[in-house]
A.B. asks: 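To start, I am sharing the structure in question, which I have written as structure tokens.
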Amino acid sequence: MKKVTVIGAGFAGLTVALRLAQQGFEVEIYESSSRCGGLLGTDQTPYGIAERAANAMIRTRKAEQLFEELNLTASHVLESSKRRFIFRDVPTQWPLTLLETFQFVIRLGSKLIRGKKTLRPSKQETLENWGKKNLGQAATRFLLGPAMQGIYANDLSGLSSFLILNPLFSPRKEKYRGLLTGPGGMQDLINHLETKIRSLGVKIHLNSSVQLDDLQGPVVIATSAAAASRLTQVKFPELSSILASIRMTSLISVTLFFEKAQSAYKGFGCLIPRGFDLKTFGILMNSFIFKDRDKTYNETWILGGIQQEELIQLSDSELLKLLAQERYAILKQKDSLLDFKINRWKNALPYYDLTLEKAQKDLNSIETPDLFLHGNYLSGIGLSKILDRSDLIAQQIGSKYG
Ligand SMILES: Cc1cc2nc3c(=O)[nH]c(=O)nc-3n(C[C@H](O)[C@H](O)[C@H](O)COP(=O)(O)OP(=O)(O)OC[C@H]3O[C@@H](n4cnc5c(N)ncnc54)[C@H](O)[C@@H]3O)c2cc1C
């Protein structure tokens with residue numbers, strides 16, 4: 001059977017390697033760091049676990065099937081995780097006033113009467129523009145903005161409506177059915193993936209870098225866009241320069257462990273719309289999401305984005321001071337801190353802006369024999385979207401080389 005090389009052992013690289021090995025390909029992974037998982041990982045503290053990046057993946061059918069194949073029992077999600085808050089002077093489950101709700105329903109309803117397709121985003125249109133046109137000012141700021149910020153870690157002003165909303169018009173869209181993670185967090189998922197692919201004969205070379213010129217046969221590059229650009233510079237210069245145009249956004253996640261749980265807002269978490277003089281994008285109330293997992297109550301605070309790149313320079317004490325102020329402003333809580341875990345992700349995620357929209361189109365027009373691109377800059381930032389792409393790439397390789 002033909003050999004396939006995968007570069008990068010993040011979630012994209014590991015899952016595409018799994019699907020390829022299951023088809024009988026001989027797979028070798030080259031990973032430049034000393035561990036598998038990429039952005040994903042879970043730190044242990046005396047007070048409980050702290051996720052480095054994603055704390056769960058969306059429970060699609062494919063994700064469920066992956067957990068079954070890996071023999072990984074998913075952590076139970078609490079009923080309280082269904083409650084989500086958005087900040088508008090206080091955390092609330094519905095942030096619009098009565099009048100704004102009425103205006104929002106009339107505006108959206110009048111569009112829907114004329115057919116769902118009237119809501120289809122145009123190419124090169126920002127999400128802010130799309131929102132104001134279709135949902136109105138208030139719903140854009142207090143509903144669409146926070147929801148997108150929670151996924152794309154940026155405000156609406158630069159995000160591409162086409163990239164983000166167009167997939168929602170696909171007829172095969174699955175209904176949201178909750179979340180999946182391992183009992184020990186996302187590191188469980190990585191450990192199970194690694195064990196499974198090794199058992200299928202996949203060779204993983206850690207602390208290894210490769211050059212495309214040294215490789216024979218099909219290659220999957222499953223790294224960030226920036227790393228993919230460097231890897232393709234010599235062999236595919238045109239492709240490399242498109243990849244280099246993709247902008248990256250930095251992010252900080254801080255898990256705070258408290259002596260006692262706040263009980264004022266029990267839910268998945270709280271998203272903070274822009275325009276409040278608050279830096280935080282969102283708060284995950286971890287102990288109200290996953291059952292029997294935490295030793296002590298903890299929250300993960302996420303901040304960053306292209307407009308707040310300077311935050312990544314803050315020292316630990318400056319960050320903790322800022323978060324203490326914001327926690328009081330948002331949740332009105334002043335509890336004593338037991339421990340904390342800070343992850344600073346410099347240029348961690350692709351910025352889903354109009355430049356990326358153009359780059360994706362340009363990438364599709366380039367022929368790259370034996371080379372397949374994978375990662376969160378292509379079909380979505382979330383892990384369920386990455387898993388879908390792993391299946392697709394494995395199918396393409398299977399039908400071309402199998
Ligand atoms: C704070 C935060 C919270 C998030 N929350 C969620 C969430 O709740 N749900 C969700 O679904 N998603 C979430 N995400 C997004 C999700 O975690 C990422 O999109 C996903 O993990 C990216 O996986 P990847 O394999 O594409 O990339 P990466 O994880 O970046 O992996 C790429 C790998 O390639 C390696 N590499 C780079 N260059 C080379 C080279 N030259 N040679 C060999 N190896 C190389 C890297 O070392 C790395 O291991 C979050 C992200 C962050 C930062």
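Just follow the structure's listing: the first ligand is 1, and inside any ligand the first atom is 1.
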A.B. asks: Does atom 19 (O) of ligand 1 have any protein heavy atom closer than 4.0 Å?
C.D. replies: yes
A.B. asks: Identify, by atom number and element, the atoms of ligand 1 in contact range of Leu251, meaning under 4.0 Å from any of its heavy atoms.
C.D. replies: 1 (C), 2 (C), 52 (C), 53 (C)
A.B. asks: Suppose I only count heavy atoms of Gly38 and a 4.0 Å limit; which atoms of ligand 1 are within that range?
C.D. replies: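 Those of ligand 1 that fall under 4.0 Å from Gly38 are 29 (O), 31 (O), 48 (C), 49 (O).
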A.B. asks: Note the single closest protein heavy atom to atom 52 (C) of ligand 1, along with its residue, its atom name and the distance in Å.
C.D. replies: Ala53 CB, 3.5 Å
A.B. asks: Could you tell me, atom by atom, which parts of ligand 1 come under 4.0 Å of a heavy atom of Asn376?
C.D. replies: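 Going through ligand 1 atom by atom, the ones under 4.0 Å from Asn376 are 18 (C), 19 (O), 22 (C), 26 (O).
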A.B. asks: Below 4.0 angstrom from a heavy atom of Phe11, which ligand 1 atoms are there? Numbered from 1 as shown, please.
C.D. replies: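 Listed by number with element, the hits are 25 (O).
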A.B. asks: Identify the protein heavy atom lying closest to atom 38 (N) of ligand 1, giving its residue, its atom name and the separation to 0.1 Å.
C.D. replies: Ala227 CB, 3.4 Å
A.B. asks: What residue and atom, counting heavy atoms only, is the protein's closest point to atom 29 (O) of ligand 1, and at what distance?
C.D. replies: Leu39 N, 2.8 Å
A.B. asks: What residue and atom, counting heavy atoms only, is the protein's closest point to atom 35 (C) of ligand 1, and at what distance?
C.D. replies: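 Checked against all protein heavy atoms, atom 35 (C) of ligand 1 sits closest to Glu31 OE1, 3.3 Å.
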A.B. asks: I'd like to know whether Lys2 forms a side-chain contact (heavy atoms from CB on, under 4.5 Å) with Glu26, so could you lay out the CA-CA distance, the side-chain angles of the two residues, the decisive distance to 0.1 Å, and finally the verdict.
C.D. replies: CA-CA 6 Å; Lys2 192 135 188 151; Glu26 186 193 330; over 6 Å; no
A.B. asks: Is any side-chain heavy atom of Phe258 closer than 4.5 Å to one of Asn298?
C.D. replies: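 Asn298 vs Phe258: side chains apart.
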A.B. asks: When the aromatic ring centroids of Phe288 and Tyr297 are compared, is their separation below 6.0 Å?
C.D. replies: yes
A.B. asks: Is the positively charged end of Arg107 above the ring of Phe104, judged by distance under 6.0 angstrom from the centroid and angle within 45° of the axis?
C.D. replies: no
A.B. asks: What residue and heavy atom of the protein are closest to atom 13 (C) of ligand 1, and at what distance?
C.D. replies: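 It is Ala54 CB, 3.3 Å.
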A.B. asks: Give the numbers and elements of all ligand 1 atoms closer than 4.0 Å to a heavy atom of Leu231.
C.D. replies: 41 (N)
A.B. asks: For Thr255 and Thr300, does a side-chain donor sit closer than 3.5 Å to a side-chain acceptor?
C.D. replies: yes
A.B. asks: Do Glu128 and Trp130 pair up side chain to side chain, a donor and an acceptor below 3.5 Å, judged on atom types alone?
C.D. replies: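 No, Trp130 and Glu128 have no side-chain donor paired with an acceptor closer than 3.5 Å.
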A.B. asks: For ligand 1, is any non-hydrogen atom under 4.0 Å from Ser384's backbone (N, CA, C, O), its side chain (CB onward), both, or neither?
C.D. replies: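 For Ser384, there is no contact with ligand 1 at all, from either part.
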A.B. asks: Do Phe87 and Leu271 touch side chain to side chain, with heavy atoms closer than 4.5 Å?
C.D. replies: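 Not in contact.
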A.B. asks: Could you check atom 39 (C) of ligand 1 against the protein and tell me its nearest heavy-atom contact, residue, atom and distance included?
C.D. replies: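 Answer, as residue, atom name and distance: Ser32 OG, 3.4 Å.
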A.B. asks: Any atoms of ligand 1 less than 4.0 Å from a non-hydrogen atom of Gly375? List them with their elements.
C.D. replies: 26 (O)
A.B. asks: Looking at atom 34 (O) of ligand 1, what's its closest protein heavy atom, distance included?
C.D. replies: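 Here the nearest protein heavy atom works out to Gly8 CA, 3.4 Å.
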A.B. asks: Any idea which atoms of ligand 1 are less than 4.0 Å away from a heavy-atom of Asn55?
C.D. replies: 8 (O)
A.B. asks: Report, in ascending order of atom number, the atoms of ligand 1 lying under 4.0 Å from any heavy atom of Leu40.
C.D. replies: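 Listed by number with element: 17 (O), 21 (O).
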A.B. asks: In a table with atom names and distances, give each donor-acceptor pair under 3.5 Å that connects a side chain of residues 273-283 to protein atoms at least two apart or in another chain.
C.D. replies:
{"from": "Arg274", "atom 1": "NH1", "to": "Leu278", "atom 2": "O", "distance (Å)": "3.3"}
{"from": "Arg274", "atom 1": "NH2", "to": "Ile272", "atom 2": "O", "distance (Å)": "3.1"}
{"from": "Arg274", "atom 1": "NH2", "to": "Thr280", "atom 2": "O", "distance (Å)": "2.5"}
{"from": "Thr280", "atom 1": "OG1", "to": "Glu326", "atom 2": "OE1", "distance (Å)": "2.5"}

A.B. asks: Can you find a non-hydrogen atom of Ala56 under 4.0 Å from ligand 1?
C.D. replies: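 So Ala56 counts as touching ligand 1.
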A.B. asks: Any nitrogen or oxygen of Ser224, side chain or backbone, less than 3.5 Å from one on ligand 1?
C.D. replies: no
A.B. asks: Please state which protein non-hydrogen atom is closest to atom 32 (C) of ligand 1 and give its distance, to 0.1 Å?
C.D. replies: Ala222 O, 3.6 Å
A.B. asks: Do Lys132 and Thr140 have side chains that get closer than 4.5 Å, going by heavy atoms?
C.D. replies: yes
A.B. asks: When you look at NZ of Lys321, are more than 12 heavy atoms from neighbouring residues, nucleotides or ligands closer to it than 6.0 Å?
C.D. replies: no
A.B. asks: Mind running side-chain hydrogen bond (donor to acceptor under 3.5 Å, both in side chains) on Gln233 and Arg230 for me, showing each step along the way?
C.D. replies: CA-CA 5 Å; Gln233 210 164 14; Arg230 288 189 293 274; over 6 Å; no
A.B. asks: Is the ring pair Tyr401/Phe372 parallel, tilted or perpendicular, if the boundaries are 30 and 60 degrees?
C.D. replies: perpendicular
